[in-house]
Amino acid sequence: MRSIRRSDARLTLGAGLLCVAMGCASVLWVAAVGGCGDPRSGPRWTGAHPGVETPRRGGTFVFHHETDVRGFDPHVAFDELSTMGVKLMFDCLLDYDYELNLVPSLAAALPDVSADGKTFTFRLRRGVRFHNGRELTADDVRWSLERMLNPATASPGVGYFAQLDGAAAYEAGRAPHVSGIVVLDRYTVRFQLREPDQTFLNALAMPFAAPVPRESYAPGARDVARHPVGTGPFMLVDWEPGIRVTFARNPRYWQPGKPYVDRMIFELNLQREAAFMRFLAGDLDHVHRLTPADRLFLGESRAWGPYRQAQADADLWGLEMNTEMAPFDDVHVRRAVAFVIDRERWSLARNHALAPLGQALPAGFAGYDARLPGVQTRDLVRAREEMRLAGHPDGLRAPVTLWIGEGPTGKIYGELAQANLAEIGIQIELKPVAYPVYLRETGRRHTAQMVYGGWTQDFPDPATFFDPLFHSRSATSTDATNRSFYRNSTLDALLDRARSERDRARRVAMYREANELVTRDAPWAFAFSSSRLEAWQPYVHGYRIHPVWTNCFRDVWLDLPRERITRRYAPRATMPAALLPFGAPR
Amino acid sequence: MMRFAAKRAAWALVVLFVVVTGVFLLANAVGDPAAANLGPRANRAQLQAYRRAHGLDRPLPERYAKYVLGLAHGDLGISLRDEQPVGQVLLQRLPRTALLGGMALAFELCLGLGFGIVAAMRRNTWVDTAVMSTAFLGVCLPSFVVGPFFLREVAFRLGWFPVGGYGRDALDHVYHATLPALTLAILGSATYARVMRSEMIEVLRADFVRTARAKGASETAVVLRHAARNALLPIVTMLGLSLPLLVTGAIITESIYGWPGVGRLAIESIAALDVPMILGIVLLASMTVQLGNFLADLAVAALDPRIRTGAGG
Amino acid sequence: MDVRAWRRFRRNKGAVAGALLVTVVLLLAALGPLLAPFPPDLQFTDALDRATGLPVGAGGKYLLGADQLGRDELSRILQGGQTSLGVALGATVLAVGAGLLIGLLAGYLGGPVDAVSMRGIDILLSLPFLLVAIVVNRVVDSPSLLVLCGLLGGLSWMTLARITRAKTMQVRELEFVQAARAMGMSQARIIARHVLPNVVQPAIILGTTLVAQMIVAESAMSFLGLGVRPPAATWGTMLSDGATMLSYKPMLTYLPSAMIALTVFGFNLLGEGLRDALDPKV
């Protein structure tokens, strides 16, 4: 390349001046437009008929997620955004209302339970039709569950149905059917369990148990993940991979009058920051998964007040300590960690987007106790005392490796933990690894000393936390979910009894005891449960945060202002005027 | 020429083979796609069933042989993440990335050549200085600096462009691609501007321009015609080298603007350890580089008679 | 650098400005720990607003404000510079060393050495840089700074090797080299005494611009969350961390951005100036 030496002096001068000018301009810009508030801090549109309470039909509802959808096979999909779509297209026998009660959905009523608590008889709602028009029968219920349990489906939901009589034999290929699923007549199905299991009905409400039509899902059916057929209020009509998925109203839906909106558009792959900006600009009707800063803005905004909701998530986050590896094979070291974690500080650094937590169950769960004896709180004196008891009054000589998942959140909590643990002389080396590596390695015995991780409820029952996280059964040598490899036979027995206990009060007491046990023994330093903030446009009605299902939009209805009806998803025909006088790249 | 092309093609095959082998070993050395795809809730039996179903439990040489055999039949395998054929997914993504890359190249050329010509015509004046300084500064602004700034200030605050995304129809796609394309072009246009300027200056000094001027021809016309011819060679070479932009795209820019192209796909596939997809993308990228080099060589040979005979290797 | 080149360099204000800028940045990086008012990883309680948890702004005790965990931004910028520049310089040294060595050997020895190394270069050049860097960084289960240096350097020595090879092949045929060979001088000495001085210029020029590229590459990887191990700060990680606060604390993003841009600008200017001074013919 030829030199342009002759004007280099001037070039430098010019570039320097430009630099300064640009710097000044951006400072002025930021100052003028304001450091934090946005020009469009309030909603741009209100509904056409504010105050109207009766649901209106029609319109298009647009929501989003930050990653790409992998598929809508209800028996396989288990991530948050697939479930968002699955809940639009599939129903189960049971569902939850907003007060966490199990309510019949495809079942005509709650099941008849036998006296020994092992037999559940369901009567199906009549006249329910799949998207393909065929009526749902008890055969479909059985066929679908067997499809899910079939190892060829590779469903992560199998474990929830382990108590089903004959499930193991069927999975191993020793039986053609699951003997515990009996079709009594066209509309009646009976489930037979080996042992009483209080979480079985919860499992039946999970999408893993969603009935699907055999003709669309039989082995060899093409690409079922992308051609979902269910009984739900919406049907998939268009899938633009990596961009968006479009759902249309199911005209044959069994609930008369529902659903209300004609179309649902699921925008994919929107980064959090961009999604929030698009929501403020009016391109999205609902926003969730905000960055803490955006959350702060939305939470403080008066204009958005009526159109937002904050709710605690039912999840646990903290530091999992491998009880089989030094130094965490010593309960005192584990307790020291539990006492040194500054939960308030973590919350502050995340702009209060989380709720500090010091026990094995999130607030509101049966067995949670705000005044639990031995609850883990920040107490530097006790932390030092525990270190002394462990024989490390001056801290540990060798650094401890803390595994964190890749990405900004893991890094932030890793750094916070690092700062906290330094106070009792534990040096932390952070080990950020890719998610697949993280899952494999942390689930392997004698591998990860300490892991930053969490667990979200599968259903609103304490077993959803205790069994996978602290039961010795879950501490397998590889692919363990009990990643602290905590083994306690007292706890195991207690959990097994609690799982089958039918008396509610006794069950709660058992889980409270288990909670106290785990909290004291500290295989985890519990840190927080997260909380979510969601917002919607003022013309969106009928939406609340569901306590179990993330972003369940089934009952949404729209009171669209006229301009939104015409604008929404009509192709943009004209370029904005601002585009025309186009000049230099800045 | 045919021999030259055949030789290049054969060599390209060897390169691709080595690349595939290397990346296959690399990508299979890390993590567990089964865990990545089934998530933390999966129990052991499920994971093992998944590994069996996807052949992940077979020894590495066997999997490698199977992959290469498939490749020979034009089969890139099945993506682990969404169970779609890799070739099909890439074909879906390619036009999107090509649109973004094409627009970025167009911007680069327009801005770069325009800047270069203006600077050369007004050389050693303040115009020259201003234009070339801007260009020089542009080289120092990587996309991850410009991208978030544009997204927030230009797209959101000023509202001139959509805040990321892909849009709904052809015109809308173009509109959505404008800002990311500009982000990419800021970096590239500077180089074009500098090449164009120096070529122009050389032409302006040459005798034929003086002759043409003396004959009373419009200076602009003469200069443009000759300068264009002069500058064509380096610019065609540069274009050939930027062909990968059209295919593998810009990983960072696509991520910032949520553009559903190959670059974004690459990041997602790496996160999910989707080995067949990663291999497919690297293969595609590597092929494009070879093709770009080859096309650039061809173009240079065609344009410059001096090189035509000596082309080789 | 001979006297004439030095004079040419000094007269070129752009080059001098670039050199100054680079010197300042290098000094800041080298002296960073001494200049930093606080330890860069220390999280201060009073640096986060009690009500909102937002970091305090510029001015006051924390000169440039604090980041989202309550660490002093100025100290982190200084430490980040050290890491970013360290990685970039390390990678460049590696790339230049490898490029020179391989180019020299290939050009001087010719034959199979040449053939093999040129084919290897072809292969490496056909790889998408960022993509491969990320995949490799994944394989190494926890990337240290050294690994990052090696990775970035290992993927960017090829251009220099090609240039060096071409130049070496020219020099090899020159009379004084032929004479030295005829006199029985060992090959190693010929390369060191006669060939190397003739190929070192492009290495210097290319190396300078390579530093700029390496800074960008490292920042890009950090921006995607695939760079150095936390809590080490680099400008790239600071940039991506700050991005989540863009609407409230734009400086957390724009400050590291400006540092990256300025440093890259400085190295580019310097490289351009060196090219003009050392190689006036080109």
Side-chain angles (χ1 to χ4, degrees), chain A residues 1-4 6-7 10-11 13-15 18-19 29 33 39 67-68 70-71 78-79 151-152 154-156 158-159 171 223 225 241-243 267 269-271 273-274 277-278 281 283 406 434-437 439-440 443 458 468 476 478-479 481 569 571-573 575-576 578-579 584-586, chain B residues 30-33 35-36 38-47 49-50 53 81-83 89 92-93 111 123-124 128-130 132-134 136-138 151-153 156-160 163-166 168-169 171-172 175 182 185-186 189 194-195 197-198 258 260 264-265 268 271-273:
Chain A
M1 201 179 298
R2 265 156 257 255
S3 96
I4 37 173
R6 283 211 291 148
S7 53
R10 240 180 306 179
L11 203 145
L13 192 70
L18 252 173
C19 244
W29 175 270
V33 190
T67 46
D68 197 1
R70 278 167 40 194
F78 203 19
D79 50 310
S155 166
V158 173
E171 277 172 59
D223 205 6
I243 307 170
E267 295 275 352
N269 272 335
L270 290 189
Q271 291 209 314
E273 294 87 351
M277 290 190 254
R278 281 173 78 162
D283 285 345
E406 227 165 40
Y435 189 55
V437 183
L439 285 181
R440 186 183 62 176
D458 294 321
T476 44
T478 56
D479 308 316
T481 52
Y569 288 86
R572 288 170 203 262
M575 292 259 178
L579 198 66
R586 277 219 153 248
Chain B
V30 258
D32 182 5
L38 295 185
R41 301 297 208 280
N43 63 26
R44 242 167 123 191
Q46 293 309 305
L47 288 162
Y50 183 92
R81 202 169 66 101
D82 51 10
E83 315 256 320
V89 175
Q92 238 163 23
R93 300 264 179 159
L111 290 177
R123 66 188 172 284
N124 300 337
D128 181 15
T129 312
M132 292 317 288
S133 310
T134 315
F136 203 96
L137 216 62
L151 198 64
R152 176 132 213 115
E153 310 299 337
F156 178 57
R157 284 211 170 136
L158 295 178
W160 291 358
V163 189
Y166 182 62
R168 292 180 283 276
D169 54 37
L171 193 63
D172 209 23
Y175 180 43
L182 264 179
I186 282 185
S189 57
R194 295 164 82 190
V195 172
R197 179 179 179 274
S198 53
R264 170 102 210 199
L265 180 70
E268 288 163 13
L273 270 190

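A note on names: the letters A, B, ... follow the listed sequences, proteins ahead of strands, and every chain is numbered from 1.
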Checking Arg278(A) side chain against Gly164(B) main chain: does a donor-acceptor pair fall under 3.5 Å?
-> yes
Most contacts with chain B, counted as non-hydrogen pairs under 4.5 angstrom, among Gly71(A), Ala154(A), Ala152(A) = Ala154(A)
Using a 4.5 Å cut-off on heavy atoms from C-beta on, say whether the side chain of Asp68(A) contacts that of Arg264(B).
-> no
Shortest non-hydrogen contact from Gly242(A) toward Pro260(B) = O-CB, 3.5 Å
Using non-hydrogen atoms and a 4.5 Å limit, figure out which bit of Pro468(A) sits close to chain B: side chain, backbone, both or neither.
-> neither
Residue pair Ala274(A) / Val163(B): nearest heavy atoms and the distance that separates them = O-CG1, 3.9 Å
Might you work through the side-chain contact (heavy atoms from CB on, under 4.5 Å) test for Leu151(B) and Glu273(A), ending with a clear yes or no?
-> CA-CA 10 Å; Leu151(B) 198 64; Glu273(A) 294 87 351; 5.9 Å; no
